[in-house]
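What follows is a short report on a single structure.
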Amino acid sequence: MTTARPYRVCLCVLLVFSGLYCAHAGEMPKLLQETKEQQDQRMKWWREAKFGMFIHWGLYAVPAGEWQGKQIGGIGEWIMNNAHIPVAEYEQLAAQFNPVKFDARQWARTIKDAGMKYLVITSKHHDGFCLFDSKLGDYNMVKATPFKRDVLKELAEACKAEGVTLCFYHSIMDWHHPDAQAPSFPDYNSAKHNPEFPRYVEYLRGQLKELLTNYGHIGILWFDGEWIGDWTEAQGITLYNELRALQPDLIVNNRIGKSRKGMQGMSGEKTSPGDYGTPEQEIPATGIPGADWESCMTMNDTWGYKKNDQNWKSAETLIRNLVDIASKGGNFLLNVGPTAEGEMPAPSVERLAAIGKWIKVNSESLYAASPSPFAKLPWGRCTGKPGKLFLHVFNWPKDGKLDVPGLSNKVAKAYLLAAPATVLSVAENEGKKTLSLPAEAPDAVDSVVVLEIEGEPNVTVPPKTPRKAEADGSVKLPAAEATLHGDTIKYEEGEGKDAIGYWTDPKDWVSWDFSLDKPGKFDIEITFAAEKGSGGEYTLTCGTQELAGQVTETGAWTKFVTEKPGKIELFAAGKYTLTVKPKNKKGLAVMNLRSVVLKPAE
Ligand code: FHN
């Protein structure tokens with residue numbers, strides 16, 4: 001099926017109106033501005049929603065990660081690029097795409113029952129195939145497949161009926177369109193420029209206009225693939241302004257522009273297009289203070305369906321990620337990759353049901369909740385509402401005593417959110433509140449304790465008491481007590497981690513403060529894990545001492561080994577700071593660091 005002709009015929013009409021994209025080449029157009037009140041009003045539903053579903057669905061679900069009998073590496077929706085499939089060959093998948101089990105109302109109900117308030121679905125991913133009935137070409141669900149139905153139209157009706165806000169993911173990068181990246185074959189993701197790109201932009205604008213005109217109220221346009229060489233910040237600004245004119249309340253993510261820095265502060269002039277930041281497959285260690293942001297993540301390792309990807313995150317991890325993100329002021333966009341038959345994979349549905357069950361009991365601590373006033377809580381997280389703090393206890397204390405450090409507000413009442421009649425006693429001592437908890441945690445994953453307080457939360461960060469040496473003279477420095485320096489590393493506690501992970505940036509580093517009551521020589525023992533192909537060199541410093549170390553792969557991020565990079569001598573009693581700084585990184589990340597121990601040398 002060659003589809004170039006329909007693109008061109010329609011585009012001649014569009015070109016007449018396309019001056020604004022070409023007339024002022026080189027000038028930066030003026031970005032639409034709004035008052036803080038207008039922005040707050042427009043973002044309100046989204047900020048309160050906290051949790052949405054991402055759906056990556058398209059022709060890539062047909063091969064499902066396999067091509068010509070071979071497993072293709074990488075994320076499923078990239079198979080056209082990763083398997084170097086020519087356009088004419090990939091197009092033939094459309095004739096096989098017949099999702100007879102697709103049931104929009106069932107999807108919308110699953111989304112709602114999971115506690116998700118919005119759905120972002122791929123109207124078009126990088127492969128250029130459209131899930132909707134576009135008049136600008138026939139490479140879509142209605143004209144090119146035996147299914148012949150506009151699934152976005154059906155989802156628009158179903159989402160409206162279930163009270164789920166419908167949103168679209170739309171890729172700027174397009175591997176099928178002759179005026180975009182198709183000619184770059186076999187590397188569709190190359191930085192090559194297409195001289196006809198301005199004509200593709202008109203096609204892009206036209207389809208976005210269809211999406212914002214024919215499917216009712218749309219909550220978000222979620223752009224992606226903006227990194228291509230032909231797309232510019234100026235085009236992003238122009239498009240942002242145009243889309244907001246079409247639906248003034250529309251929210252647009254930061255990937256419409258080039259800098260992905262569109263995590264605008266809550267006030268002040270916007271400089272780049274986009275209303276919120278989009279960290280992907282990670283939770284920023286301290287959130288993104290002063291900005292709206294949303295972490296998007298997969299449930300396994302792929303966005304588009306791959307039949308052999310069974311590496312599913314547990315419901316515990318997903319619930320704790322949701323709470324961690326909310327406690328840092330962000331939204332969680334959790335992905336489902338439906339099959340070519342139109343079904344959500346059973347492992348996804350099971351996890352969504354578990355998340356929904358937790359939210360059903362604890363929704364007051366999630367929706368419209370504000371971020372934590374605490375820097376870090378060793379046992380869990382915190383969210384808040386006026387007059388209330390919600391303590392999310394992941395690790396239920398065995399002795400029944402829960403310390404809340406640094407909170408100076410008076411606690412009028414404390415109780416379990418799951419059982420409000422269970423009132424808890426609160427003792428004050430040494431600048432912290434200690435709650436007495438029942439022996440059994442109401443929820444093994446996250447039990448919420450409510451503190452009713454007077455006034456705004458007033459938390460003083462207690463000075464870090466440096467670690468002291470153990471009775472045997474050793475000094476144990478655990479990941480949970482490290483000071484993290486950098487934007488990406490973070491302490492991960494679930495799934496057997498208990499380590500500092502996401503060490504994808506070798507400029508990030510960690511430190512511990514500790515005190516010695518006598519000098520001495522110490523063997524250093526460092527415990528880390530690194531998946532195949534990852535690792536790097538690091539420098540460990542303490543006092544005047546410096547050691548060089550090497551992280552060799554251990555085979556998995558949770559397969560920890562302890563190595564001894566050498567000895568150090570600390571010549572006096574007193575306070576010390578030990579640092580671990582990478583010199584370089586191999587592969588995905590430097591390491592997952594569990595601990596450093598100073599063992600008195602024999
Ligand atoms: O290349 C895409 C990828 O396929 C997927 O859509 C993710 C989801 O955010 N975004 C891009 C990678 O950053």
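Remember, it's 1-based here, ligands and their atoms both numbered in the order they're listed.
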If a pair satisfies side-chain hydrogen bond (donor to acceptor under 3.5 Å, both in side chains) and one of its residues is in residues 49-64, list it, with sequence neighbours excluded.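 Residue pairs passing side-chain hydrogen bond (donor to acceptor under 3.5 Å, both in side chains), neighbours aside: His56-Asn335.
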Checking contacts here: is it the side chain or the backbone of Arg255 that comes within 4.0 Å of ligand 1, counting heavy atoms only? Could be both or neither.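 Under 4.0 Å from ligand 1, Arg255 contributes side-chain atoms alone.
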Side chain, backbone, both or neither: Phe223 near ligand 1, heavy atoms under 4.0 Å: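 It is neither; nothing of Phe223 touches ligand 1.
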Please could you name the atoms of ligand 1 that [X] approaches to less than 4.0 Å, counting only its heavy atoms?
X: Tyr169; value: 6 (O)
X: Trp78; value: 1 (O), 2 (C), 3 (C), 4 (O)
X: Trp227; value: 1 (O)
X: Cys296; value: 9 (O)
X: His125; value: 3 (C), 4 (O), 5 (C), 6 (O)
X: Glu77; value: 3 (C), 4 (O), 5 (C)

Aromatic rings His392 and Trp358: how do their planes relate, parallel, tilted or perpendicular, breaks at 30° and 60°? tilted
Parallel, tilted or perpendicular for His485 and Trp509, by the 30°/60° rule?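 His485 and Trp509: parallel rings.
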Between Asp309 and Lys307, does any NZ, NE, NH1 or NH2 come within less than 4.0 Å of an OD or OE carboxylate oxygen?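 Between Asp309 and Lys307 there is no salt bridge, as every charged N stays at least 4.0 Å from the carboxylate O atoms.
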Is the shortest side-chain N to carboxylate O distance from Asp40 to Arg47 below 4.0 Å? yes
Who gets closest to atom 1 (O) of ligand 1 by heavy atom: Met297, Gln281, His126?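 Comparing heavy atoms across Met297, Gln281, His126, the nearest one to atom 1 (O) of ligand 1 lies in His126.
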Heteroatom distance test ([X], ligand 1): nitrogen or oxygen, under 3.5 angstrom:
X: Glu280; value: yes
X: Trp303; value: no
X: Trp222; value: no

Less than 6.0 Å separating the ring centroids of Trp46 and Tyr276? yes
Proximity of His177 and Tyr203 rings by center, below 6.0 Å: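 So the answer is yes for these two rings.
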Which residues pass the salt bridge (charged side-chain N to carboxylate O under 4.0 Å, His left out) test with Lys357, not counting sequence neighbours?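 Salt bridge (charged side-chain N to carboxylate O under 4.0 Å, His left out) list for Lys357, sorted by chain: empty.
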